[in-house]
Amino acid sequence: MSKQIDYFKPLDEIIGDNKGDASQLIPMLQKIQESYGYLPMDVIVEMSERTGIKVTDIMGVASFYAGFRLTPLGKYVVKICAGTACHVNGAETIAETICEELNVNLDETTEDGLFTVETVACLGCCSLAPVMMINGEVYGRLTRDKTKKILREYKELEGA
Amino acid sequence: MKVIVGLGSCGIAAGGMKVYDKIYSLLENYGRQDITLASTGCMGMCFAEPLVEVLDEQGSHIYGLLDEENVLDVFRSHVLDGEVADQYLVKSERNDCTNAAFFSKQVRVVLSRCGAINPEEIEDAMELGAYSGLVRALSMTPQEVVEEVKASGLRGRGGAGFPTGLKWDFALASQADQKYMLCNADEGDPGAFMDRSILEGDPHSVIEGMIIGGYAIGATIGIIYARSEYPLAIERLELAMEQAKEKGFLGKNILGSGFDFDLSIKQGAGAFVCGEETAMMASIEGQRGMPRIRPPYPAERGLFNQPSNINNVETLANIGYILNFGADDYRQYGTEETKGTKVFALAGKIKRGGLVEVPAGLTVREVIEDIGGGSSSGKPIKAVQLGGPSGGCIPVELFDTPIDYGTLAETGAIMGSGGLVVMDEDNCMVDIARYFLDFTQKESCGKCTFCRVGTKRMLEILTRITEGKGVPGDIEKLETLAHQVQKNSLCALGQTAPNPVLTTLKYFRHEYEAHINDKKCPALQCRALISYRIDPVLCTGCTVCARNCPVHCISGEPRETHVIDPSICTRCGNCKAVCRFGAVIVE
């Protein structure tokens, strides 16, 4: 029981005295994702009970926006920029290299839970194309070899 | 002496922070407390990031392509010995650098403070005129402010180009207890980073525009809807808002005028369609971001069913200038139909990519060749994509088209928000069309059948063409679908989604035909339609290609000609990339 209380504590703080103000739904979900790492189903159900916002409405919003995720992330999130500038500079080859090197498909997490690989519309560093971002750190002017080298450094760091 | 490091997102991505830290420690080590170290936003020259500006008695000197090591040369030579380090110089007031052309055709209205001030210091911005427009606006009546903006000829820079003053007039005329002033900072076009750079480099220009807009239409609440993928922009905006509040530009009774204005930021959650104004308002209200039918227009019934006005970041960044210097001054730039300047994010196969601001009326060629320096690959430029997924491709034959809402629309492209991506002969136009359709198809909110299903069917046809499975009749089918999607979609996302396909069909139809009829990709990009082989004359048998082939399909003894097995080859191009003798041939 005490574990349950701890588990929902961040949710409590996020909801605060916000009872049923649906206009705050997106910021609340963003904060939940920030503290839980993703949107766990049990937290969504609990949130619904406490705020009075229907689970269907919460799920409708959570599944509509690409920024929300319903499954946990890997320790490192590799975001491959798929913006136009990166595309014309060979982003596809970079994506392929990353998936090969980590042995994972796009939008999936490696079995050891270390890496999640996803594409994003544009990271906005077009003049460094092609670009990828690993946990906020941007790597630009990528080539196949450079990409592999960077990923191997992360792997070594984790002893994997 | 003052040393300034460019720390916009692109500068940081290129390693600007490391350069900043290095200079910081060098100044410490040499005990040079007399020299100020500062940071600024985007200086525009993304191609030369990280950038460092050294200001001394002779003026400004900007050094580029620095890293932790070569910054030491610049430091020793210029900072310690006072001698300009010519080899790293990318811009100086002597204007004798090769990059001088990058600036000579630009006019900086929106970006006048971007890269010149520390965006985290409001005093810096105020010294260069920030909030002077607000002071003047507050001395006028709201109607007078609206008339000034109308007279300036400013049109929405988010893409559609609706006259801003007129929009304000509608919102001012609406009667309600509560009106809203909204800023669309949900810059979602892949390949566009103008708004991000403005928010990071000069957030005060946008805040000032919002306050003036609020005053003009009678709104006391302002909301900036910002893309959550731009954390640095949001951080600087928040800080700038705090400082503006301290100075009395935000909050109650602004500068003693009796006008109250509260500003807040709402973060998006990753939906391209939220750049559409009614979808954006739905998202602010906490719902799925789906567009609704207009009318009623937001000026009549917008956020929370109250009259609202929505402008994009760049549009708002013009407002302070217009109110400060007057509509007449602003009208000196541009063409009859398009007044003022337009900011472009120049990227792709271009030598000097970056953030540029040009007066309307300049030709596409002047932007690409004079400012951008032409092709970065050495291969001829084939086309430029303007306006992202809603825009189109302009072929090199039409590069003399002036940048103007009307003339650009005639080509089938649009002014759009300002993404300008250059493509050379290695880029397949069918692939580019497929790329954009893939984007819009994924981002379609699903409300309208034609947008939801039509884009999907179009994508399937385009994919099949690039895979060599195109059949006669596909082009006609694409055209029919394109026109239906255009006609039967509620919002601009669907209405403009077919533009990349239609413009490439208009100017590069032969590429589609080559894919379908001859099963050939003229740009040698589409993997299903190309093959790799090794030229026995040029091959030295160095084994590098074989060792780098991810599927081990290259065989051959050292110092003997190597051979690619086409049945295993995935056409990844790695062998071509690593061969030092040019022996790998693509056909």
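Within every chain, numbering begins at 1; the chains are lettered A, B, ... in the order of the sequence lines, protein sequences first and strands thereafter. Note that the structure is a prediction, hence the values are computed from the model and not measured.
Residues passing the side chain to side chain donor-acceptor pair (under 3.5 Å) test with Ser377(B), sequence neighbours excluded: Ser375(B), Asp424(B).
At a 4.5 Å heavy-atom cutoff, the contact between Arg288(B) and chain A is made by backbone and side-chain atoms alike. For Arg227(B), the part lying under 4.5 angstrom from a heavy atom of chain A is the side chain only. Neither the backbone nor the side chain of Phe272(B) has a heavy atom closer than 4.5 Å to any heavy atom of chain A. Looking at Phe47(B), only its backbone comes within 4.5 Å of chain A, counting heavy atoms on both sides. With a 4.5 angstrom heavy-atom cutoff, Pro231(B) does not touch chain A via any of its atoms. In this structure, the portion of Glu100(A) lying under 4.5 Å from any heavy atom of chain B is its side chain and not its backbone. The part of Arg527(B) that comes within reach of chain A is its side chain, from C-beta onward, which places non-hydrogen atoms under 4.5 angstrom from that chain. If you measure heavy-atom distances from Ile284(B) to chain A, the contacts under 4.5 Å come from the backbone alone. For a residue to count as touching a neighbouring chain, one of its non-hydrogen atoms must lie under 4.5 Å from one of that chain's; by this rule Glu285(B) touches chain A with the backbone only. Contacts between Asp431(B) and chain A at a heavy-atom distance below 4.5 Å involve backbone atoms as well as side-chain atoms.
When all heavy atoms are compared, the tightest approach of Val422(B) to Val88(A) is O-CG2, 4.3 Å. Across all non-hydrogen atoms, the minimal contact from Thr84(A) to Pro190(B) is OG1-O, 2.9 Å.
No more than 12 heavy-atom neighbours from other residues, nucleotides or ligands sit within 6.0 angstrom of NZ on Lys54(A). Applying the 6.0 Å contact sphere to NZ of Lys148(A) captures more than 12 heavy atoms from other residues, nucleotides or ligands. Around CD of Glu153(A), the count of heavy atoms belonging to other residues, nucleotides or ligands within 6.0 Å exceeds 12. Atom NZ of Lys576(B) has 12 or fewer neighbouring heavy atoms from other residues, nucleotides or ligands inside a 6.0 Å radius. In this structure, Glu92(A) places its CD atom where only 12 or fewer heavy-atom neighbours from other residues, nucleotides or ligands lie under 6.0 Å away.
Judged by distance alone, the side chain of Gln30(A) and the main-chain N or O of Gly268(B) form a donor-acceptor pair under 3.5 Å.
Ranked by heavy-atom pairs under 4.5 Å with chain A, the first of Gly348(B), Gly286(B), Ala269(B) is Ala269(B). Chain A forms more heavy-atom pairs under 4.5 Å with one residue of Ala347(B), Gly353(B), Cys46(B), Cys445(B) than with any other, namely Cys46(B). Between chain A and the residues Gly354(B), Cys572(B), Ser9(B), Gly419(B), the largest count of heavy-atom pairs under 4.5 Å involves Cys572(B).
How far SG of Cys274(B) is from CD1 of Ile26(A): 7.0 Å, rounded to the nearest 0.5 Å. Note that the CD atom of Glu96(A) and the OG1 atom of Thr570(B) stand 6.5 Å from one another [nearest 0.5 Å].
The stretch residues 71-79 of chain A places none of its residues near chain B, where near means some heavy atom under 4.5 Å from a heavy atom of that chain. Residues of residues 132-143 of chain A having a heavy atom under 4.5 Å from any heavy atom of chain B, listed by number: Glu137(A), Val138(A), Arg141(A).
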List, one per line, each side-chain donor-acceptor pair under 3.5 Å for residues 55-70 of chain A, sequence neighbours excluded.
| from | atom 1 | to | atom 2 | distance (Å) |
| --- | --- | --- | --- | --- |
| Ser63(A) | OG | Met59(A) | O | 2.7 |
| Ser63(A) | OG | Gly60(A) | O | 3.4 |
| Tyr65(A) | OH | Ser283(B) | OG | 3.0 |
| Tyr65(A) | OH | Gln287(B) | O | 2.7 |
| Tyr65(A) | OH | Gly289(B) | N | 3.0 |
| Arg69(A) | NH2 | Glu118(A) | OE1 | 2.3 |

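At least one side-chain heavy atom of Lys266(B) sits under 4.5 Å from a side-chain heavy atom of Pro27(A).
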